[in-house]
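These notes concern the structure reproduced below.
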Amino acid sequence: MAKTPARAPTSTLGAGGELHQTAATPETRTTTNHGAPISDNQNSLKAGPRGSTLLEDFILREKIQHFDHERIPERIVHARGSAAHGFFELTDSLSDFTTAKILIEVGKKTELFTRFSTVAGGAGSVDTPRDVRGFAVKFYTSEGNWDLVGNNIPVFFIQDAIKFPDLIHSVKMEADKGYPQAASAHDTFWDFIGLMPESMHMVMWAMSDRGIPRSLRMMEGFGVNTFRLLNAEGEATLVKFHWRPKLGTQSTCWDEAVKIAGADPDYHRRDLYEAIEQGDFPEWEFGVQLFSQEQADALPFDILDATKLVPEEDHPIRVIGRMVLDRNPDNFFAETEQAAFLPTNIVPGIDFSEDPLLQGRLFSYQDTQLSRLGTVNFHQIPINQAKGCPFQNFQRDGHMQMAVPKGRANYEPNSLAQAGEDGGPREDPKGGFRTGRVPVEGEKVRLRAETFADHYSQARLFFRSQTEIEQAHLASAIVFELSKVSLPHVRERILANLQNVDQTLARRVADGLNLPLPEASEPGVAPIDLDASPALRIVGKYPETLKGRKVAILIADGSDGAVVDAVRAAVEGDGGSVFIVAPKIGGAELKGGKTLPADGQLAGSPSVLFDAVAVVLSDEGCAMLMKEGGAVDFVKDAFGHLKAVGFTSEAQPLLDKAGVDPDAGVIDLSENADGFLAPARTRQWDREPKVRILA
């Protein structure tokens, strides 16, 4: 079979015709909206290959500005969100590295607002598709708002912001059909990915179990881009920001995520809201990776490349604080929907890097809010207002102006104070925001730096760092996605690119599709083998507790209340919560005549909504539920999704009908209710080969 060429931009060329089989003609070439031919649609204009993006790049600004205004008023990306109020507490000062008060005043609690989101789906989509999750935090600091706008994945699909509209257009609903919604399993996404090898690292993350989180409370968060910290002497330190959940990083199974979407489209939103209402406040550690310029230069990749991460084993994360979410919004629209996060919202002591993805975001987010919220005064909406300090300047009027500025000073400099009038605010040369003294040189170019050219080594690192279980899930996810792709040449190109990630992975995907494996594509830079990073795994790192997890107890008439009480005591004693499921919402009459109310009806409370199940039945109740398909599915799905299944001996016929085979996660509750705890804290990974075929 013919060799499949790499068709994405290389490190030294922009467009250069690489993405096109034939040369463009006046009838086929790309132009601006005003007809100017575009020579390079792959790279923004920079001051040198690694320099800052230039404001004069009208092609970048027009492209992103048009994209920013495509939706009214819904967000184009991250439309479906959930949020909560809370606080940040610093536990370790970074005074040697920054003047930012929020990062040097140990013990101070700073109010914040955090919004989680899915990327691809609209506001009316579901919570559990395979997707990247947004993780945005607005700190109301004493020096102004600081917005750390990131994701639950530390890298991104693209290196240059000029490609962001193309990426999102490809993953959104196909333009002619208007579907699929909130899904990447279709032609246009994988067509784009196959032509952009720089995306392969992010694809590994998205296709891993990280793409289907168990809960918003159980996601890591990352600032994605590289920033700088500036100390009192103006010395710069490069930094990457991390959030680590105290409940551990946990995921669902793919089949489980699909069924949750039907059973409860608001699964993640409900989970976050209820946890806070119950006082189980979600908490994350806040950490940083710090690098001198010399350390960054010694890395085997470019720290300005957003498709790369720095392994924790090489540069450990320094935990410096914590975030606690302890209050739900009072009004979803006023707060969660109107919240406007801007990467440009930083405070003195923090600065940007020349990362070309970040540079484009600095323009795009502000522009998007102008369209979405309809006014330059969106900062006056209560959720967006600075709370830890006053905000004041000479900007006036505009649509929806809600402030009432006094006096006639609306310009600066002015000398009105000399006449006894209010001259207004003044700049603060000492305490105001300062940009780091970073050398800028080089010609204006549309190029990728040579140091951005390796697109496969870190994708290989991620895959080879996973456990065997996670590798199987990742390969199976790609098989599923490509099975929805109808264009043979797109599947072939992905298989060709996957060989540069890992030959075994490529073979497993090809076998899963029952397709021949084409020759590998030609990488711009040959991938290298990096040391595995166990920190990138999820399996085997679950916390040894049920805290944050929910256990369902299925009951019916005649169930033994003593067993129910024993299971409840064990689960709640370990930090978990219990949810009583019965055939009818009014509950069931237990042995002895007492009625136990139900938290949910069986038909509306399938086992996919819980982390473990206990089936406490009488002979009569079991006989009745064996005639109910929902009860059989309740047990069958719990077993199939690798959850602990506790049972009383009277429930054994129901387990048999559901195809439950005894293993370490199937526990006889009549013998020892406490023995149910250990398997309920995790999934029974050894069971998986019994219940599904993976790639």
Side-chain angles (χ1 to χ4, degrees), residues 214-215 217 247 250 264 270-271 273-281 542-602 604-622 625 630-631 634-635 637-639 641 643-652 654-655 660 664-684:
R214 155 63 179 86
S215 165
R217 302 176 291 133
L247 293 177
Q250 303 183 39
D264 186 0
R270 190 187 312 277
D271 175 84
Y273 185 92
E274 291 182 349
I276 294 173
E277 288 297 294
Q278 294 165 5
D280 295 329
F281 301 140
Y542 282 43
E544 291 297 316
T545 175
L546 279 176
K547 185 172 176 59
R549 298 169 74 80
K550 184 181 291 188
V551 176
I553 303 179
L554 176 61
I555 64 170
D557 288 345
S559 293
D560 191 334
V563 177
V564 173
D565 291 342
V567 173
R568 183 191 294 275
V571 169
E572 293 179 348
D574 202 47
S577 61
V578 168
F579 190 95
I580 302 297
V581 179
K584 299 178 180 179
I585 192 62
E589 184 178 315
L590 303 179
K591 182 172 64 175
K594 178 183 177 182
T595 296
L596 179 62
D599 298 307
Q601 180 190 17
L602 175 61
S605 306
S607 62
V608 294
L609 303 179
F610 310 102
D611 298 289
V613 302
V615 186
V616 181
L617 300 177
S618 63
D619 290 331
E620 174 190 358
C622 181
L625 288 182
F634 185 93
V635 177
D637 280 343
F639 184 75
H641 298 147
K643 298 172 183 177
V645 179
F647 70 101
T648 54
S649 57
E650 294 86 349
Q652 185 66 57
L654 181 61
L655 269 64
V660 173
V666 180
I667 306 298
D668 188 337
L669 298 172
S670 59
E671 296 180 358
N672 181 13
D674 288 336
F676 177 65
L677 292 181
R681 293 170 181 154
T682 185
R683 292 187 191 262
Q684 313 307 304

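Computation of the quantities below employed the complete heavy-atom set of this structure, encompassing side-chain atoms and omitting hydrogens, waters and symmetry-equivalent molecules.
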| message | Working note: L655 + V666, criterion side-chain contact (heavy atoms from CB on, under 4.5 Å); need CA distance, chi angles, decisive distance, verdict. | response | CA-CA 10 Å; L655 269 64; V666 180; 4.2 Å; yes
| field | Spacing of F634 atom CZ and L654 atom CG [to the nearest 0.5 Å] | value |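 One finds 9.5 Å between CZ of F634 and CG of L654.
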| message | As an exercise, state the distance from CD of E620 to CG of L625, rounded to the nearest 0.5 Å. | response |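 So the gap between those two atoms works out to 10.5 Å.
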Only counting residues at least two apart or in another chain, list the ones meeting side chain to side chain donor-acceptor pair (under 3.5 Å) with [X].
X	value
D557	none
E277	N328
D668	S670

| task | Sequence neighbours left out, what passes side-chain contact (heavy atoms from CB on, under 4.5 Å) with S605? Give chain and number order. | result |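 Checked S605 against side-chain contact (heavy atoms from CB on, under 4.5 Å); matches are F579, V581, F610.
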Taking only distance into account, with no hydrogens and no angle test, what donor-acceptor pairs under 3.5 Å do side-chain atoms of residues 566-577 form with protein atoms, sequence neighbours excluded?
from : atom 1 : to   : atom 2 : distance (Å)
D574 : OD1    : R681 : NH2    : 3.1
D574 : OD2    : L546 : N      : 2.9
D574 : OD2    : R681 : NE     : 2.9
D574 : OD2    : R681 : NH2    : 3.4

| message | Tell me whether R217 contacts the main-chain N or O of L247 through its side chain, where contact means a donor paired with an acceptor under 3.5 Å. | response |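 No, because the side chain of R217 does not come within donor-acceptor range (under 3.5 Å) of the backbone of L247.
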| query | Within the distance-only criterion (no hydrogens, no angle test), does the side chain of S607 pair as donor or acceptor with the backbone N or O of D637 below 3.5 angstrom? | reply |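 Between the backbone of D637 and the side chain of S607 there is no qualifying donor-acceptor contact (under 3.5 Å).
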Return a table of donor-acceptor pairs under 3.5 angstrom between the side chains of residues 584-601 and protein atoms on other chains or two or more places apart.
from : atom 1 : to   : atom 2 : distance (Å)
K591 : NZ     : D560 : OD2    : 3.3
D599 : OD2    : I580 : N      : 2.8

| said: F281 vs I276, test: side-chain contact (heavy atoms from CB on, under 4.5 Å). Steps then yes/no. | reply: CA-CA 5 Å; F281 301 140; I276 294 173; 4.3 Å; yes
| query | Is it true that atom CD of E274 has more than 12 heavy atoms of other residues, nucleotides or ligands lying nearer than 6.0 Å? | reply |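 Enclosed.
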| Closest approach of S618 to G558 (non-hydrogen atoms, all atoms of both residues) |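 Residues S618 and G558, closest heavy atoms: CB-O, 3.2 Å.
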| task | Give the intermediate values and the outcome of side-chain contact (heavy atoms from CB on, under 4.5 Å) for residues V551 and F676. | result | CA-CA 11 Å; V551 176; F676 177 65; 3.8 Å; yes
Within the 4.5 Å heavy-atom criterion, are [X] and [Y] side-chain neighbours or not?
X	Y	result
E650	S559	no
D271	R214	yes
H641	V608	yes

| said: Going by side-chain contact (heavy atoms from CB on, under 4.5 Å), V564 matches just one of L669, V578, T648, I553. Which one? | reply: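 By the side-chain contact (heavy atoms from CB on, under 4.5 Å) criterion, V564 pairs with just one of L669, V578, T648, I553: I553.
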